[in-house]
Participant: 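Pasting a structure below so you can have a look.
It should be emphasised that the depicted structure is a prediction, and the values quoted were computed from it without experimental measurement. Hydrogens, waters and symmetry mates are skipped; everything else that's a heavy atom, side chains included, is used.
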Amino acid sequence: MNITRHKSVAVRKPDYDILKGLCGKEHRGPSQYISLLIKKEVERRAKERKMTPEAYLKKILSEAK
């Protein structure tokens, strides 16, 4: 696996079981579903702050460094 493109995260087993169930309903893999959840959360928080999703994403990425 290319470690510059992928990272591993630990997820509690009950949460993983829920994730797998959601993935089955959406016909997605876990990594695709997590990406979808992250995108939706960025959009939600940006809207809450009256920002564009792109501007909010840029802000949080710069703060994380």
Participant: Distance-only, no hydrogens or angles: does the Gln32 side chain make a donor-acceptor pair with backbone N or O of Gly29 under 3.5 Å?
Facilitator: yes
Participant: Quick one: CD on Glu26 to CG on Leu22, what's the gap to the nearest 0.5 Å?
Facilitator: 7.5 Å
Participant: I need the minimum non-hydrogen distance between Tyr33 and Arg28, along with the two atoms involved.
Facilitator: CD1-CD, 3.7 Å
Participant: Distance check, rounded to the nearest 0.5 Å: Leu36 atom CG versus Ser31 atom OG?
Facilitator: 11.5 Å
Participant: For Arg45, is there any backbone N or O sitting under 3.5 Å from a side-chain donor or acceptor partner on Arg49?
Facilitator: yes
Participant: Within a reach of under 6.0 Å around CD1 of Ile3, are more than 12 heavy atoms found that belong to other residues, nucleotides or ligands?
Facilitator: no
Participant: Would you give the length of the straight line joining atom NZ of Lys25 to atom NZ of Lys20, rounded to the nearest 0.5 angstrom?
Facilitator: 14.5 Å
Participant: What I'd like to find out is whether the side chain of Leu57 reaches to under 4.5 Å of the side chain of Thr52, using heavy atoms alone.
Facilitator: no
Participant: Between Arg12 and Asp15, does any side-chain N to carboxylate O distance fall below 4.0 Å?
Facilitator: yes
Participant: Below 4.0 angstrom, N of the basic side chain to O of the carboxylate: do Glu43 and Lys40 qualify?
Facilitator: no
Participant: Restricting to non-hydrogen atoms, name the atom on Tyr16 and the atom on Val11 that form the minimum distance, rounded to 0.1 Å.
Facilitator: N-CG1, 3.7 Å
